[in-house]
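Counting convention: from 1, in listed order, for ligands and their atoms alike. Keep in mind that this is a model prediction, so the values were computed, not measured. What's counted below: heavy atoms across the whole structure, side chains too, no hydrogens, waters or symmetry copies.
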Amino acid sequence: MNPIDYLRISLIDRCNFQCVYCMPEGADLDYALREHWLSQAEILQLLQTVFIPLGFRKFRLTGGEPLLRPDVVKLVAAIAQLPETQDLAMTTNAYKLADMAEDLYQAGLRRINISLDSLQPDTFQKIIGGRGRSRWHQVWAGIQAAHRVGFSPLKLNVVVIPGVNDSEVLDLAALTLDRAWHVRFIEFMPIGNDDLFTHKGWIDSESLRQQIRDRWGLAESAVRGNGPADVFQIPGAKGTVGFISQMSDCFCDRCNRMRLSADGWLRPCLLNETGQINLRQALRQGQPLADIRAQVAELLAAKPDINFKMRDSGTTGAYSRTMSQIGG
Ligand code: SAM
Ligand code: SF4
């Protein structure tokens, strides 16, 4: 069993995109009140007195869209400066990244994952919702800025949806030929938009790998990430292609992560709310930090069991919030 040392921290549950697979149009999302967001001081207090003493060393800032949080650069700096932080990363849609990449890098962020589901501005627009074609260009400018500033590794996340962007798999994989970027294809999961999932279905990673293999060949990569991706390389390419195969090859039993939502819910599993604790309430009600730490330790001890149960039941847990609300 891997040590559970990785915390995904959602900084905000709101987003400036409305990706079809994540936030269905017209969905009545029950956003957290702003005053319920964990403050910067509360996040740091939880890291220093609860999570770090329990062995957490790897942190990922996510959302919703983390770059919408006004104090995001200060938060990055504060977490990067904690002596125990071994790894600090962010997952973003990059819409605001062109203007913020330099400040984030200066604040100590080095690793970034950017969602880029299409290289076609029109398709991209259909996926993220809303109007206009400029958003793709803005996101692409964010990716270029991250590259220029020196983020490494720079990963691009692609959720593959049949009939929407699956025809672009080779074009997206080709980005890795002459750039040291890591393109990761994620199997579409039935969380966020069940109707789309039922209507479109999902494509397994192996059939994507086969397309790439047929075109260029494909070898297992020596580069390993911390996470659940199976990593490969097109011969001679500078970057890698990764596959996150939660649907075809459930990795629940190997899961080493916990998730903290913007409003302070700590959950042991993306798809399961079993045992979740509201750390914001605990802090604001003045519970002693030692008690909060003990509760979290109990949840940590229960996680291996939850992992095995999730593996055995497939990916259908009891959840009532979308990825954007939980912190994907
Ligand atoms: N807004 C940021 C972004 O899009 O990168 C961070 C939050 S987003 C919820 C984190 C990741 O969750 C993204 O890479 C997104 O593609 C993924 N995601 C959201 N809904 C998904 C679904 N139904 N199936 C698979 N991945 C999903
Ligand atoms: Fe927003 Fe990210 Fe969800 Fe897209 S995947 S709607 S960018 S939170």
Side-chain angles (χ1 to χ4, degrees), residues 8-27 29 31-32 60-69 72 89-97 100 104 109 111-118 124-130 135-136 138-139 142-143 146 151 154-162 164-166 172 182-205 208 225 227-229 242-248 250-251 257 259-262 267 270-271 315-317 319 321-328:
R8 292 174 80 97
I9 306 168
S10 172
L11 299 185
I12 183 167
D13 59 356
R14 291 156 174 78
C15 189
N16 44 356
F17 289 2
Q18 211 178 2
C19 301
V20 281
Y21 49 77
C22 177
M23 286 191 192
E25 209 184 331
L29 296 183
Y31 289 118
R60 176 172 296 276
L61 306 178
T62 179
E65 175 43 42
L67 297 184
L68 293 184
R69 173 132 174 171
V72 61
M90 178 181 284
T91 305
T92 170
N93 64 28
Y95 187 67
K96 296 186 72 177
L97 192 58
M100 298 176 75
L104 290 164
L109 188 70
R111 297 161 56 82
I112 200 154
N113 291 21
I114 298 170
S115 293
L116 183 74
D117 298 311
S118 174
F124 184 76
Q125 198 61 46
K126 276 186 202 128
I127 294 172
I128 67 161
R135 289 190 159 202
W136 184 88
Q138 184 67 22
V139 166
I143 295 170
F151 279 95
L154 193 162
K155 298 184 182 175
L156 300 179
N157 288 349
V158 183
V159 177
V160 183
I161 307 174
V164 177
N165 61 350
D166 56 324
L172 286 156
H182 306 275
V183 174
R184 295 142 32 106
F185 297 100
I186 304 175
E187 288 177 353
F188 179 22
M189 291 193 282
I191 174 168
N193 192 341
D194 289 354
D195 289 346
L196 183 75
F197 186 85
T198 310
H199 179 59
K200 296 283 191 187
W202 55 284
I203 302 185
D204 66 283
S205 296
L208 305 183
F243 299 87
I244 301 184
S245 314
Q246 173 62 8
M247 299 297 291
S248 62
C250 170
F251 44 78
R257 56 192 64 186
R259 293 170 196 264
L260 183 61
S261 72
R267 57 194 293 151
L270 175 64
L271 297 172
T315 51
T316 48
Y319 55 88
R321 300 181 110 187
T322 65
M323 220 54 166
S324 57
Q325 291 171 299
I326 298 163

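- For a threshold of 3.5 Å applied to N or O pairs, the pair formed by Met189 and ligand 1 contains at least one separation below that value.
- Residue contacts with ligand 1, taken as heavy atom pairs separated by less than 4.0 Å, do not involve Asp117 at all.
- Side chain of Gln246 to backbone of Met189: no donor-acceptor contact under 3.5 angstrom is found.
- Remark: the backbone N or O of Val159 is paired with a side-chain donor or acceptor of Asp117 at under 3.5 angstrom.
- Glu65 places a side-chain N or O within donor-acceptor distance of the main-chain N or O of Asn93, the cut-off being under 3.5 Å.
- A distance-only check finds no donor-acceptor pair linking the side chain of Gln18 to the backbone of Gly129 [under 3.5 Å].
- The N/O atoms of Asn113, backbone and side chain alike, include none that comes under 3.5 Å of an N/O atom in ligand 1.
- The Glu187 neighbourhood of ligand 1 comprises atoms 25 (C), with distances under 4.0 Å to a heavy atom of that residue.
- Residue Cys19 approaches ligand 2 through these ligand atoms, each under 4.0 Å from one of its heavy atoms: 4 (Fe), 5 (S), 6 (S), 7 (S).
- Using a cut-off of 2.8 Å, one finds that Cys15 contributes an N/O/S atom close to atom 1 (Fe) of ligand 2.
- Side-chain contact, Arg60 with Thr91: a donor N or O sits under 3.5 Å from an acceptor N or O.
- Ligand 2 is approached by Gly64 to a heavy-atom distance shorter than 4.0 Å.
- The distance from ligand 1 to the heavy atoms of Asn157 drops below 4.0 Å at these ligand atoms: 14 (O).
- Annotation for ligand 1: atoms under 4.0 Å from non-hydrogen atoms of Thr92 are 2 (C), 3 (C), 5 (O).
- Every atom of ligand 2 is numbered from 1 in the order shown, and the set under 4.0 Å from a heavy atom of Asn93 is 7 (S).
- At a heavy-atom distance under 4.0 Å, only side-chain atoms of Cys22, from C-beta outward, approach ligand 2.
- Proximity annotation for atom 6 (C) of ligand 1: of Cys22, Cys15, Gly64, Gly64 comes nearest, heavy atoms only.
- Considering both main-chain and side-chain atoms, Ser115 comes within under 3.5 Å of ligand 1 through a nitrogen or oxygen pair.
- The contact set between ligand 1 and Thr62, taken as ligand atoms under 4.0 Å from a residue heavy atom, comprises 6 (C), 7 (C).
- Shortest non-hydrogen contact noted between Leu172 and Val183 is O-CG2, 3.6 Å.
- In this structure, the side chain of Glu187 engages the main chain of Ser205 through a donor-acceptor pair within 3.5 Å.
- Contacts of Thr91 with ligand 1, taken as heavy-atom pairs under 4.0 Å, involve both backbone and side chain.
- Not one N or O of Pro66 is nearer than 3.5 Å to an N or O of ligand 1, by distance alone.
- Interatomic distance, CG of Asn113 versus NE2 of His182, reported as 10.0 Å (0.5 Å rounding).
- Closest non-hydrogen pair, Leu97 versus Ala146, comes out as CD2-CB, 3.9 Å.
- Rounding to the nearest 0.5 Å places CG of Asp13 at 10.5 Å from CZ of Arg69.
- The ligand atoms of ligand 1 that sit less than 4.0 angstrom from a heavy atom of Asn93 are 2 (C), 3 (C), 5 (O).
- Remark: side-chain polar atoms of Arg14 are paired, donor with acceptor, to backbone N or O of Ala32 under 3.5 angstrom.
- Residue contacts with ligand 1 do not include Gln246, since none of its heavy atoms lies under 4.0 Å from the ligand.
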